[in-house]
Amino acid sequence: MPSSPSPAPRYVLIGTLLVALLLLFAWVRGVLSPARISGDKITDALQGAAGKIFPGYRRAHAKGVCVAGSFASNGAGAALSEAALLAAGQVPVMGRFSIDAKDPTAPDAKALFHALGLRFVLPRGEEWRMALDQTPIFIVSTPQDFLDLQLASQVDPATGKPDPAKVPAFIGTHPETRAFLDFIKAWPVPSSFANGTYYSIHAFRVTNAQGQAQMVRWQFEPETPFTALDPATLGDLPPNFLFDELLGRMTQGPLRWHLILIAANPGDPTSNATVQWQGEHRRIDAGVLTLDHASTEAEGACVGFNFDPTILPRGVAISDDPLLPARSAVYSASFRRRSVETMTTPDAITAEHKGYGPGATP
Amino acid sequence: MSAMPEPRFTLPARVLHWLMAILIYAMLLIGVGMLSTVSERYTTLLSWHRPLGIAILILALIRWVVRLTHQAPPLPADLPAFQVVLAKGSHYLLYALMIALPLIGWAMQSAGGYPVTLWKGFQLFPILPHDIAVYGVLRRLHAVAAYAFFALILGHVGAALFHGLVRRDGVLKSMTG
């Protein structure tokens, strides 16, 4: 080989290019941006607010039961959305009733907030998943606020309780959270999972077959007459009273809800889940949800599903509400974590109804 | 400089290489980027990740056929034996990962009970039955394999530049054309 100049500068050039590729990767990964919020960061905060990890369980709404049934669409919803669910016809649905407990062994009275996850199985592999709550609004409006609220609720290992000053301090600087707490104080808790209305919380964007787009919220309104839970009786109720009542009631016959689509009026906020839409709205009764099977998580089919409300069919898309992508990212992190864990203790409902459901041995 | 025409990869091989280089590096960035955020970028990147993964799988299978049917230029005769082993071994691994990573992703989403949506309204069929424990294992494998792929790509780029800038033996030129 002819004598050539020292190769050192060329090694430096190669090294620089490799470092550039690595740095771009690290920057996108968030390594250089400690303030960026990931699904894992919020999931860590949820675990910290729970005080411990309950292996194998969802990081929020850990206590629940599985349900299944069908949805019979009357076709009226097609005026707003071309979603296969809203075309006249019937599709299977499975889901999960839950309460807002991070501890799957907690008594129902400690976490009365009701929720319903649904998974509609549509033709050609499409799905519409929903994460519905018993209130039409949410406690915070942004992922940052949700994270900060969880961080204010972290359980101190020394006392086993959160710092009593931190949540009030958060509420003091977040009027929308104060408003939500005032709202929920006046909002009666249903006496049963069967007689409550379940709300989409967030706005979504629907498109019909003519290509017209429209913002909507929706809710499932029960055929079972509403009765409120009397808070005075809570002390006397058994630990799984809500779930026991649902499991028992479902053996008596199916339960039904009407899917009501609510079309946004011009000017209704769609990016803030703490704000209710005021005044008259166009309501469309799109069909009937019938749930006719309920079982403990041990017997049911819902444990392996993530009720991510951003899994949507053609004709429905997320709105500009920043909580929707965040829900998806956090639900996914929770699903990822529990998928590699082994449940060490049964949830309270499974423990009580050991062998409940199909295939049970007495 | 030799007057002999230097050995080159065939045009289809070169086009596939550079197209896939861009797609795969972008894919790795999309993968780690979407996990880093809960903003609307999460949903956007996730919706790109699946169709891009399937595109890479299809291109990788085509490329495999091209590789099997077209002679690749030989490595320089004076290349030390350990570098020959590294070069051949790393290329087998690169091919294996560009085919395996999309397949693991597809399989893991199937096992997780998720619809494998390529674009709104179009879903791929599941390739595994629904089983959350299988999802958990595959999801970890997907991440480990992706980081291994990235490390391998850095090594590949470093080695290519070593051939092109230090050894100047025509290996880099055989792909840049």
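Computed over heavy atoms, backbone and side chain alike; hydrogens, waters and symmetry mates excluded. Sequence lines set the chain letters: A, B, ... in the order given, protein chains first and strands last, and positions in each chain run from 1.
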Novice: Find the one option among A:Ile42, A:Ile318, A:Leu24, A:Leu324 whose heavy-atom pairs under 4.5 Å with chain B are most numerous.
Specialist: A:Leu24
Novice: Please determine whether a side-chain nitrogen of the Lys or Arg among A:Arg96 and A:Glu297 lies less than 4.0 Å from a carboxylate oxygen of the Asp or Glu.
Specialist: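 So A:Arg96 pairs with A:Glu297 through a salt bridge.
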Novice: Flag the one option from A:Arg336, A:Arg119, A:Arg338 with the top tally of heavy-atom pairs under 4.5 Å to chain B.
Specialist: A:Arg336
Novice: Counting only non-hydrogen atoms closer than 4.5 Å, does B:Thr37 touch chain A with its backbone (N, CA, C, O), its side chain (CB onward), both, or neither?
Specialist: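 Both backbone and side chain of B:Thr37 come within 4.5 Å of chain A.
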Novice: Could you check which of B:Arg41, B:His130, B:Arg139, B:Glu40 has the highest count of heavy-atom pairs closer than 4.5 Å to chain A?
Specialist: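 Ranked by contacts with chain A, first place is B:His130.
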Novice: What part of A:Ala317 is in contact with chain B, defined as an atom under 4.5 angstrom from a non-hydrogen atom: side chain, backbone, both or neither?
Specialist: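 Interface part for A:Ala317: both.
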Novice: Hey, can you tell me if B:His142 and B:His49 have their rings parallel, tilted or perpendicular (30° and 60° cut-offs)?
Specialist: perpendicular
Novice: Identify whether NZ of Lys or CZ of Arg in B:Arg63 sits under 6.0 Å from the centre of the six-membered ring of B:Tyr95 and within 45° of that ring's axis.
Specialist: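 Yes; both conditions hold, so B:Arg63 lies above the ring face of B:Tyr95.
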Novice: Given the options A:Pro143, A:Ser328, A:Pro322, A:Ala83, which has more heavy-atom pairs under 4.5 Å with chain B than any of the others?
Specialist: A:Ser328
Novice: In terms of heavy-atom proximity below 4.5 Å to chain A, should B:Ile153 be classed as side chain, backbone, both, or neither?
Specialist: neither
Novice: My understanding is that only one of A:Phe307, A:Phe305, A:Phe335 makes a ring-ring contact (aromatic ring centres under 6.0 Å, His included) with B:Tyr114; could you say which?
Specialist: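 Per the ring-ring contact (aromatic ring centres under 6.0 Å, His included) rule, the option paired with B:Tyr114 is A:Phe335, out of A:Phe307, A:Phe305, A:Phe335.
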Novice: Non-hydrogen atoms of chain B under 4.5 Å away: do they reach the side chain of A:Val31, the backbone, both or neither?
Specialist: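 For A:Val31, there is no contact with chain B at all, as no heavy atom is under 4.5 Å.
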Novice: Considering only NZ, NE, NH1 and NH2 on the basic side and carboxylate oxygens on the acidic side, decide whether A:Glu341 and A:Arg58 come within less than 4.0 Å.
Specialist: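 The answer is no: the pair does not qualify as a salt bridge.
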Novice: If the threshold is 4.0 Å, N to carboxylate O, is there a salt bridge linking A:Glu126 and A:Arg124?
Specialist: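 Looking at A:Glu126 and A:Arg124, the cut-off is not met.
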Novice: For the interface with chain B, which of A:Arg337, A:Arg327, A:Arg36, A:Lys41 has the highest count of heavy-atom pairs at distances below 4.5 Å?
Specialist: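 Of the options given, most contacts go to A:Arg36.
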Novice: Of all of A:Asp40, A:Asn306, A:Thr310, which one pairs up most often with chain B through heavy atoms under 4.5 Å apart?
Specialist: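 Ranked by contacts with chain B, first place is A:Asn306.
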Novice: With side-chain contact (heavy atoms from CB on, under 4.5 Å) as the test, would you mind laying out the steps for A:Leu86 and A:Leu80 before giving the verdict?
Specialist: CA-CA 9 Å; A:Leu86 300 175; A:Leu80 293 185; 6.0 Å; no
Novice: Which bit of A:Leu21 is near chain B, if near means a heavy-atom gap under 4.5 Å: side chain, backbone, both or neither?
Specialist: both
Novice: Please determine, among A:Leu13, A:Val330, A:Leu323, A:Leu312, the option with the most heavy-atom pairs under 4.5 Å with chain B.
Specialist: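 The answer is A:Leu312.
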Novice: For B:Tyr147 and A:Phe25, take the angle between the two ring planes, folded into 0 to 90°, and tell me which bin it lands in: parallel under 30, tilted 30 to 60, perpendicular over 60.
Specialist: perpendicular
Novice: Given that the side chain runs from C-beta out, which part of B:Phe125 has a heavy atom under 4.5 Å from chain A: side chain, backbone, both or neither?
Specialist: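 Neither part.
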Novice: Examine A:Arg314 relative to B:Phe122 and say whether NZ or CZ is less than 6.0 Å from the centre of the six-membered ring and inside a 45° cone about the ring axis.
Specialist: no
